Structures are given as C-alpha cells and as structure tokens.
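Counting starts at 1 for both ligands and their atoms, in listed order. None of the values given here were measured: they were computed from a predicted structure.
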Amino acid sequence: METGRLIAFEGCEGTGKTTQARMLADRLDAVGYETLVTREPGGTFGAEAIRNLVLSGSKDRWSGITELLLMYAARVDHVEKRIRPALGRGVWVISDRFSDSSLAYQGYARGLGKECVAAVHEAVMDGFKPDMTILFDMDPVLAMKRVEMRGEKLSRFDVETIEFHNTLRTAFLDIAKDKSDCIQTIDANASREAVHTRICYLLSSGFPGLAEKFARIGT
Ligand code: TYD
C-alpha cells in the first residue's frame, strides 16, 4: 500500500491554519484519500495534557528550555502514537504546526538559538520530517486582530507583545529561506478561497498524481 504524507502548516497565531487544514482535508477526502487533521502541541492524550500545561498559566510559567522540552515530549508521543501509524495506513496527515514552530518560538523568539533546538530535534526525532511544510505569512498586527475577534481564551503566547509576534514572523521567513526545498510560503492575508486554491496548487506541484485527481473534481 502507498504510504501517506505529512503536511505541516506553520505560521504565527491568527493566520488561518486551522480553517485551511479542514478545507484541505475535505478536498483530499473528496479525491479518495483518508485524512487526519491533527495539531501540535497535542494530537494524543498525553500530548494534549502537555498542551494544557504549556499554553495556560502566566507568561513566565516556563523557561524557554522547559517549554522546548515539553514541546518535544508532546511531539515524540504524537509522532510515535498517531502520525507514524496513520502514515503507515496510507493516511494523509495535516498537522496544524510541527517542529518549525519550536525553531521559531523557542529557538528565535524565546532566544534559545537554532543550534539548541536542532540538537534536541536530532536527539529525539530519528530523522522524521514532514513531506511538505506550508508557511502562512501575514502581518502580525492584522493576525492578532483576528485572534482577538475570535473571543476565545488567550494562551501564554497570544498575550505576548507585538514585538514578540514580529520576531516570530521574521523567524519563520528566515527558516523558510534556509529550507526552501521543503517549505512553501503563502500570503495568508488573501481570501480563504484564494489561500485554499494556492495550497491545492502547491500540493499538486509537489505530489505527482494529485494534480490529475484534483482536476477530476474541478480544483
Ligand atoms: P494554538 O492556540 O494552537 O495556536 P495557533 O492556533 O496559532 O496554532 O497554540 C499553540 C501555541 O503553541 C502557539 O502559540 C505556538 C506554540 N508552540 C510553540 O511555542 N512551540 C511549538 O513547538 C509548537 C508546536 C507550538
């Protein structure tokens, strides 16, 4: 059986990753793929418990390094128990955030440095990586307005300063430049439909066979 693919959506808060993950899964379902939409930190019982710990509480609840280790503890559980088994069954997995979030948030914005994050990554990930990463890029001021408009409880990261969110944007763009062979950047400020169409185009270009399947259903 053909193995599945892991597509990671990355970017700052409020850039529309969650909505687009659902839209892409619906499109892939429509052409006959089994899909799984998941998120980080989270995706398994244990990783969701870690998510609770890391997103709630005061801003200074965790240091940068404890935050990083919690993210990787959650990620290893997620990959071992959910992502790898799904890929083995031929499922297309869409993860709302993956390891480039650790690089951007803990490596750059929390100031741990790229080398520190890379060292932890190499020690625990056994070379595992997404088949494609899509970076949702937009002005953090506009993105944070969207977050406020949702009216949901804000996380330890949502309440950070605009400087923090600007650093994150620059970090993600820098990471995308470094890994231009596997990260595709899109303008997340375009309409929902335009962003969805662009994502389908990127997937069609990256995965032979998908373009033809999308064309059959009129994408
Ligand atoms: P979430 O509410 O899911 O944010 P969003 O909807 O923008 O994806 O919260 C996840 C938060 O965790 C987000 O602020 C980014 C942060 N995070 C890290 O700091 N490091 C990581 O490795 C991951 C996966 C997430």
Side-chain angles (χ1 to χ4, degrees), residues 6-24 37-44 46-79 82-83 93-114 116-121 123-125 128-130 133-162 164-169 171-172 175 183 188-189 195:
L6 171 61
I7 314 295
F9 283 2
E10 294 282 12
C12 299
E13 335 279 324
T15 51
K17 299 181 301 300
T18 312
T19 307
Q20 291 295 335
R22 216 26 299 148
M23 287 170 82
L24 176 61
V37 176
T38 185
R39 66 177 180 181
E40 289 212 342
T44 61
E48 288 291 329
I50 296 174
R51 177 186 178 89
N52 239 350
L53 284 175
V54 87
L55 294 197
S56 65
S58 67
K59 253 203 304 197
D60 57 1
R61 181 177 191 186
W62 307 107
S63 67
I65 188 71
T66 47
E67 222 175 69
L68 179 71
L69 295 173
L70 287 167
M71 294 297 177
Y72 270 95
R75 180 162 302 125
V76 170
D77 199 58
H78 189 205
V79 171
R82 197 135 191 241
I83 299 181
V93 180
I94 304 160
S95 188
D96 191 344
R97 299 191 179 279
F98 201 66
S99 50
D100 289 319
S101 278
S102 298
L103 200 49
Y105 280 76
Q106 283 69 48
Y108 286 69
R110 295 286 195 228
L112 289 180
K114 294 196 250 190
C116 170
V117 178
V120 173
H121 185 95
V124 300
M125 292 300 285
F128 184 83
K129 59 183 178 62
T133 296
I134 296 180
L135 170 61
F136 287 59
D137 177 59
M138 70 182 277
D139 180 350
V141 174
L142 299 177
M144 289 315 290
K145 282 214 178 91
R146 288 187 185 176
V147 172
E148 278 163 32
M149 275 167 56
R150 282 187 208 146
E152 291 167 5
K153 192 166 173 275
L154 298 181
S155 77
R156 288 177 56 247
F157 298 96
D158 296 329
V159 298
E160 282 290 352
T161 59
I162 195 65
F164 180 90
H165 294 287
N166 279 325
T167 303
L168 276 174
R169 183 192 197 184
F172 273 122
I175 295 165
I183 305 184
N189 200 29
V195 172

Practice task
Dump the intermediate steps for side-chain contact (heavy atoms from CB on, under 4.5 Å) on Glu40 and Glu10, then the final yes or no.
Solution key: CA-CA 10 Å; Glu40 289 212 342; Glu10 294 282 12; over 6 Å; no

Handout entry: More than 12 heavy atoms from other groups under 6.0 Å of NZ on Lys145
Key = no

Practice task
Go through the side-chain N and O atoms of His121 and Ser102 and say whether any donor and acceptor fall under 3.5 Å apart.
Solution key: no

Handout entry: Main-chain N/O of Cys12 paired with Lys17 side-chain donor or acceptor, under 3.5 Å
Key = yes

Handout entry: Side chain Arg110, main chain Ile65, donor-acceptor under 3.5 Å
Key = no

Exercise for the section: Report yes or no: does Gln106 have a heavy atom closer than 4.0 Å to ligand 1? Expected result: yes

Handout entry: Residue and atom name of the nearest protein heavy atom (relative to atom 18 (C) of ligand 1), distance in Å to one decimal
Key = Met71 CE, 3.2 Å

Problem - Arg156 heavy atom under 4.0 Å from ligand 1 - result: no

Handout entry: Nearest heavy-atom neighbours spanning Val54 and Pro41
Key = CG1-CG, 4.0 Å

Exercise for the section: Measure the distance from atom 11 (C) of ligand 1 to every protein heavy atom, then report the residue, atom name and distance (to 0.1 Å) of the closest one. Expected result: Leu55 CD2, 3.6 Å

Practice task
Provide, to 0.1 Å, the distance between atom 25 (C) of ligand 1 and the closest protein heavy atom, together with that atom's residue and name.
Solution key: Pro41 CD, 3.6 Å

Problem - Which of the ligand 1 atoms, numbered from 1, are nearer than 4.0 Å to a heavy atom of Arg51 - result: 1 (P), 2 (O), 3 (O), 9 (O)

Fill in the blank from the handout: Logged contact type for Arg97 with ligand 1, heavy-atom cut-off 4.0 Å, is side chain

Exercise for the section: Mind checking the OG1-CD1 spacing from Thr133 to Ile175? Nearest 0.5 Å is all I need. Expected result: 10.5 Å

Practice task
Using heavy-atom distances, let me know which of Ser99, Ala109, Ser102 sits nearest atom 22 (O) of ligand 1.
Solution key: Ser102

Handout entry: Single hit among Leu69, Val79, Val76 for side-chain contact (heavy atoms from CB on, under 4.5 Å) with Val124
Key = Val76

Fill in the blank from the handout: closest protein heavy atom to atom 4 (O) of ligand 1 is Glu13 OE1, 3.6 Å

Exercise for the section: Give yes or no for whether the N/O distance cutoff of 3.5 Å, strictly under, is met between Arg75 and ligand 1. Expected result: yes

Exercise for the section: With heavy atoms of Phe157 as the reference, note each atom of ligand 1 found under 4.0 Å away. Expected result: 11 (C), 12 (O), 14 (O), 16 (C), 19 (O)

Problem - Ligand-side contact atoms (ligand 1) for residue partner Glu40, heavy atom cut-off under 4.0 Å - result: 24 (C)

Practice task
Can you label the angle between the Phe9 ring and the Phe136 ring as parallel, tilted or perpendicular, going by 30° and 60°?
Solution key: tilted

Problem - Atoms in ligand 1 with a heavy atom of Lys17 nearer than 4.0 Å - result: 5 (P), 7 (O), 8 (O)

